[in-house]
Protein chains: 2
Amino acid sequence: MPKPKKKSGRTPGPRGRGDRAGIRTRLFDFKREQILEVAERLFYERGFRSTTLDAIAAELSVTKPFIYYHFRNKQDILHVLVQRTMQRNAEVFGGINVEQGRPTELLHELCRRIVFLVINSRTSIAMFWREQKEVPEQEKLVMHAAKQRHDGQLQRIIERGIASGEFAVDDPKLAVLSIQGMINWAYTWYRPDGRLSPELIADGVADLAVRAVVAVSRAAGARAPESARPSAPARIQAA
Amino acid sequence: MPKPKKKSGRTPGPRGRGDRAGIRTRLFDFKREQILEVAERLFYERGFRSTTLDAIAAELSVTKPFIYYHFRNKQDILHVLVQRTMQRNAEVFGGINVEQGRPTELLHELCRRIVFLVINSRTSIAMFWREQKEVPEQEKLVMHAAKQRHDGQLQRIIERGIASGEFAVDDPKLAVLSIQGMINWAYTWYRPDGRLSPELIADGVADLAVRAVVAVSRAAGARAPESARPSAPARIQAA
DNA sequence: CCTACCGATCGGTAGG
DNA sequence: CCTACCGATCGGTAGG
C-alpha cells in the first residue's frame, strides 16, 4: 500500500522497506511525477502564488484532493522541484575535479556543462531563482551553502589558472560571479526555436567566459584550446 | 486641485494644466512617492502577489483607501514601478552614442554604467525581472521592444569593434546576451555591506565584459584602456 | 458642495 | 482518491 507516511518531499516516492518497487509504488511515483511536471510548468508560467492547485488538478483532469494525496501541500511540491534543481546542479559541479587538468580546459568544460543544464532545465532554473522568497528560511540556508560550494569550485579553477599563468584576473570572486551571471542568464533568453543550438550556445558562452579571464600573453590566446571544444559541427537550428 | 482624473500610472502625479505645481499637487505627488517606495521594497521582499495592500498601508500608517485614492489598483502601482525602471534603463542607454568613439572604451563605459544602475536600483531591477508575468501582455511588448533596442546598441558597438579590429567575436548576438547576463546578474548577489564598492564592481565587471570580446592581438591587450577606467582609487568598503 | 480620506464590509477565491 | 465543504484572507469599494 502506498502512502507510508511520506516525509516532506521525498523525491522518488515512498519505498516500503528495502524491497524493490512494487507496481503500486511505481504507480504512485508515476502520478507524483505527472503532478510535478504540470506544477513546474505552471509555476514557471504563472508563478508559485498565482498557480492554484485547482489549476494543476484541472490540467491533469483530477481533483485537488488527488494532489493532496501525493503531496503534503503546495509548498511541498515546490520543495521537491527546488531539491531536484539543486540536485542536477550538484551533479554537474560534482562531475568535475577542479584539481586535475589544465584550468583553461576545466573552466571551459564546466561552463559548457552548466550552460547546457541551464538551457535544458530552464523552467526549473527560472523557478529556482524567481521563487526563492517562497522557500522556507532553513532550506534557503542549504541552497546558499550549495551555491557557495559551487562558486568555490569555480574560484579554485580560476586561482589555479592564475598560479599557472594561464589566467590573469584582478578579483577571482568577482570573476566567478560574473561568469555565473553570463551562464545563468541564459534561462531568461534561451528559446528552443531560436537561432542557435544548445551545443553552439553552451560552447559560445564557455568561450566568452574563458576569454574574460585568460591571460593575453599566453600562446593559447584568448580562445579556448580546440581540445576543450566539442567536435560538433556548426549545427544551426531552424529559424 | 489634485486628482484631475489621473490616467493609469502617471509618474509625476497630476499637474492641473500648464501651471507650476501647487502645494496640493506637490503633496499628492509626495504621498504617491511614499507609497511607491514602500511598495517597491515589499514587492522586492515578498513578491507582488504576496504583498497585500494592507501591508503597504500598514507600513505607512494609513488605510487601504488612502492607497486607492492615489493609485487605481495594485497593478497600477507595479505598472508605475516597472515604467520607472525602464525609464532609468533607457536613460543609461540613451546617454551613449554608439557611433562615436572607440568601441573598446564605449563598451567599457556602457557596461560600467549599466552595472552601476543594476547595483543602485537592484530592488527595482529584481522586481522588473521577477514580476514579468504580472505585467499585462501589451506592456510586455513595450518592454521587449526596449530590451531589443538596448541589445541592438550593444551589438552595434561590438560590430563596430569587429570592423575596427579591436574585437574578435564569433557571434555578436550571443556576446551581447552573455554580457547582459554578466551585468544584470549583479542584482542577485550585490550586497551594500559587501567586500567591494559599487565603483570597483562596476569597473571590474566592465573589464571582464571587454576582455570577453576583445581581440588578443591588439596592442591594447585584453584590459580596458586606462582612459576608460575611472580614476577612483581602490576603494574598499567595510566588511 | 467639494476635498480628502476612514471604518467597515463586499464578492470572490485561496489552501486545506 | 472524490464530494462537499471550512476558516481565512485577498483586492477592491460601498456609504458617510
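Chain letters run A, B, ... following the sequence lines, proteins first, then strands; residues in each count from 1.
Comparing the C1' positions of D:dA4 and C:dG16 gives an interatomic distance of 13 Å, to the nearest angstrom.
The interatomic distance linking A:I77 (CD1) with C:dG16 (C1') rounds to 12 Å, in whole Å. For A:Y68 and D:dC6, the OH to C1' distance is 13 Å, given to the nearest whole Å. Atom P of nucleotide C:dG15 and atom CG of A:D76 are separated by 14 Å, given to the nearest angstrom. The separation between B:H70 atom NE2 and C:dC6 atom P is 10 Å, rounded to whole Å. Per the geometry, NZ belonging to A:K74 stands 8 Å off P belonging to C:dG16, to the nearest Å. Note: CZ (A:R32) to P (D:dC1) measures 14 Å, nearest angstrom. Separating the CG atom of B:L78 from the C1' atom of D:dG12 is a distance of 17 Å, rounded to the nearest angstrom. Look at CZ on A:R72: it is 15 Å from C1' on C:dG15, rounded to the nearest Å.
Note on B:E137 versus B:K140: salt bridge recorded, some NZ/NE/NH1/NH2 to OD/OE distance being below 4.0 Å. For A:K133 and A:E131, the salt-bridge test passes: some basic side-chain N is under 4.0 Å from an acidic carboxylate O. Taking the charged nitrogens against the carboxylate oxygens, B:K173 and B:D151 have no contact shorter than 4.0 Å, which rules out a salt bridge.
Counting only Watson-Crick and G-U wobble pairs whose two distances sit under 3.5 Å, DNA chain D takes part in no stem of three or more pairs.
Both the sub-6.0 Å distance and the 45° axial angle are satisfied by B:K74 relative to the ring of B:F48. At least one test fails for B:R149 against the ring of B:F93: distance under 6.0 Å to the centre or angle within 45° of the axis.
Closest to the side chain of B:F66, out of D:dC1, C:dA8, C:dC5, is C:dC5.
Using a 4.0 Å cutoff on non-hydrogen atoms, the parts of residues 45-61 of chain B near DNA chain D are B:T51, B:T52, B:L53, ordered by number.
Between A:W185 and B:W129, the distance from one ring center to the other falls under 6.0 angstrom.
To the nearest 0.5 Å, the span separating CD on A:E134 from CZ on B:R46 amounts to 12.0 Å. Annotation: the span from B:M182 atom CE to A:L174 atom CG amounts to 8.0 Å, rounded to 0.5 Å.
Remark: the A:K64 side chain and the C:dG16 base include a donor-acceptor N/O pair separated by less than 3.5 Å.
Side-chain nitrogen and oxygen atoms of B:Y69 include none within less than 4.0 Å of the OP1 or OP2 phosphate oxygen of C:dC5.
Of the residues listed (A:V205, A:L110, A:L117), the one engaging A:I183 in a side chain to side chain contact (heavy atoms under 4.5 Å, CB included) is A:V205, and it is the only one.
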